[in-house]
Amino acid sequence: MMMTFVQPCRLFTGRWNPLIKVRSNSCCVATNLYFLRASASLPQKSKAIPFLDRPPALDGSMVGDVGFDPLNISSYLDLRWLRESELKHCRIAMLAVVGWFVQEVFHLPNQIYSASDPTEAFWKTLATGPMGQIVLWTSFFEVISTPAVIQMLQGSGREPGYFGFDPLGLGKNPQLYKRFQLSELKNGRLAMIAIGGLIHQSFLTHMGAIQQLQQHKWFP
C-alpha cells in the first residue's frame, strides 16, 4: 500500500520524496490502529454458540466457562450464585442417574419398594411416605448450606459449590484440582441431560432403562 502511494511521486519528480514516505507510514499506522480499536470494541463470540455474542459476565475466568448463556441470565444474576446452582443440580443429577439404574436391580425388603419401573416406584413412595423423608432431609441440607452461599455473595472468598468435602484429598494439587472441577462440571451437565431423557423415556414406555435395553424397546 505504501509503495503504490510513493512510486507515483518518484515517477513525476525523478526521486524519492521522504516527506511523502513519512506521511504514508503515518497513514498506515493510523489505519491499523483504527481497525485494532474497532475490532477490540466488537463483542466476542461465544465458544459454545459461535453465532451469538459472548455475555460480558462470562469472561472465561471460571472453570468450564465456554460462554453458554443464550438467555443472557448472567447479566441479571450474580455469576457465583449461578455456578453454585449449577453445581448443586449437577451433583443431584449424577446421584439420580446412578439411583435410576440401581433401583431396577436392587429393592429394599418391602412391597412399596418392589416396582422396577422408576416412575412407578416414585409414585408409590410418594403415596406411602418415604419420598416425604427424602424431601425433608434435602430441605434440611439446603437450609444449613444457605449461610455459606450468603457469605460467598458478600465477598468471603469461598468458591461456588465448595463445602470442604474431599475425603480422598484430590484437591491438594492445584492443577489437578482444576482438572477435577472441570470433570465434575462436564459429568454433571451430561447427567442433567441424561436424567431428563431417562424420566421422559420411562413415562413413554413404562419401563426402566435396563428393561428397555433388554427388550430393544426404543420407542413407545
Side-chain angles (χ1 to χ4, degrees), residues 47-48 55 57-69 71 73-110 112-113 118-119 121-122 125-126 128-200 202 208-210:
K47 291 182 180 179
L58 302 181
D59 56 0
S61 58
M62 278 190 171
V63 175
D65 177 12
V66 290
F68 181 81
D69 186 13
L71 300 180
I73 298 176
S74 59
S75 297
Y76 304 98
L77 298 176
D78 194 299
L79 193 60
R80 294 168 297 177
W81 186 85
L82 292 174
R83 174 52 61 90
E84 183 85 23
S85 177
E86 181 184 26
L87 283 171
K88 188 174 294 184
H89 284 82
C90 283
R91 292 162 181 171
I92 292 174
M94 287 188 283
L95 290 172
V97 170
V98 174
W100 191 273
F101 288 96
V102 168
Q103 74 87 34
E104 288 191 52
V105 296
F106 178 77
H107 304 279
L108 295 175
N110 194 311
I112 62 175
Y113 304 115
T119 52
F122 169 80
T125 55
L126 182 64
T128 54
M131 187 58 65
Q133 298 180 30
I134 296 176
V135 174
L136 176 65
W137 283 104
T138 45
S139 301
F140 172 74
F141 285 117
E142 183 72 17
V143 170
I144 63 175
S145 66
T146 300
V149 179
I150 294 175
Q151 292 174 5
M152 175 192 67
L153 296 177
Q154 292 176 346
S156 65
R158 169 187 175 270
E159 291 186 6
Y162 179 76
F163 291 99
F165 181 77
D166 187 13
L168 301 179
L170 301 177
K172 293 181 179 179
N173 188 323
Q175 293 182 348
L176 287 178
Y177 182 61
K178 294 292 183 182
R179 176 183 169 187
F180 287 130
Q181 282 183 314
L182 182 59
S183 297
E184 181 184 31
L185 270 175
K186 286 184 175 180
N187 284 279
R189 290 165 177 171
L190 179 61
M192 286 190 285
I193 297 174
I195 192 62
L198 289 169
I199 292 172
H200 285 83
S202 179
I210 297 176

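Each residue takes its place number in the sequence, starting with 1. On a predicted model such as this, the values are computed, not experimentally measured, just so you know.
- Shown here is F101, whose CZ atom has more than 12 heavy atoms of other residues, nucleotides or ligands within 6.0 Å.
- With hydrogens and angles disregarded, no donor-acceptor distance shorter than 3.5 Å links the side chain of D69 to the backbone of P55.
- Between the CD atom of Q181 and the CG atom of L176 there is a distance of 11.5 Å, given to the nearest 0.5 Å.
- Distance CG/L95 to CD1/I195: 10.5 Å, rounded to 0.5 Å.
- Here the side chains of P118 and L198 are not in contact, with every heavy-atom distance at 4.5 Å or above.
- Shown here for V97 and A194, the closest heavy-atom pair between the two residues is CG2-CB, 4.2 Å.
- Classified by interplanar angle (parallel below 30°, tilted 30° to 60°, perpendicular above 60°), the ring pair F141/W137 is tilted.
- Of all the heavy atoms in S85 and H89, the pair that sits closest is O-ND1, 2.8 Å.
- Within the model, atoms OG of S139 and CD1 of I144 stand 11.5 Å from one another, a figure rounded to the nearest 0.5 Å.
- A salt bridge links E84 with R158: at least one charged nitrogen is closer than 4.0 Å to a carboxylate oxygen.
- Salt bridge annotation for R83-E159: absent, with no cationic side-chain nitrogen under 4.0 angstrom from a carboxylate oxygen.
- L58 and S74 get closest at one heavy-atom pair: CG-OG, 4.1 Å.
- Around the CZ atom of F163, the shell of radius 6.0 Å holds more than 12 heavy atoms that belong to other residues, nucleotides or ligands.
- Between I150 and Q154, some side-chain heavy-atom pair lies under the 4.5 Å cut-off.
- Atom CE of residue M131 and atom CD of residue Q133 lie 10.5 Å apart, to the nearest 0.5 angstrom.
- For F180, the CZ atom counts as densely surrounded, since its 6.0 Å shell holds more than 12 non-hydrogen atoms of other residues, nucleotides or ligands.
- Closest approach of A93 and G188 over heavy atoms only: CB-O, 4.4 Å.
- Residues K88 and S145 approach most closely at NZ-OG, 4.1 Å, considering heavy atoms.
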Checking side-chain contact (heavy atoms from CB on, under 4.5 Å) for the pair M192/M94: CA distance, chi angles, key distance, verdict? CA-CA 7 Å; M192 286 190 285; M94 287 188 283; over 6 Å; no
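- Without hydrogens or angle criteria, T125 side chain to A121 main chain gives a donor-acceptor distance under 3.5 Å.
- S202 places no side-chain N or O within donor-acceptor distance of the main-chain N or O of I199, the cut-off being under 3.5 Å.
- The shortest distance between side-chain heavy atoms of Y177 and L170 does not fall below 4.5 Å.
- A salt bridge (charged side-chain N to carboxylate O under 4.0 Å, His left out) with E86 is found for exactly one of R91, K186, R189, namely R189.
- Expressed to the nearest 0.5 Å, how far CG of L185 lies from CE of M62 amounts to 10.0 Å.
- Once rounded to the nearest 0.5 Å, the distance linking CG of L182 with CG of N187 reads 9.5 Å.
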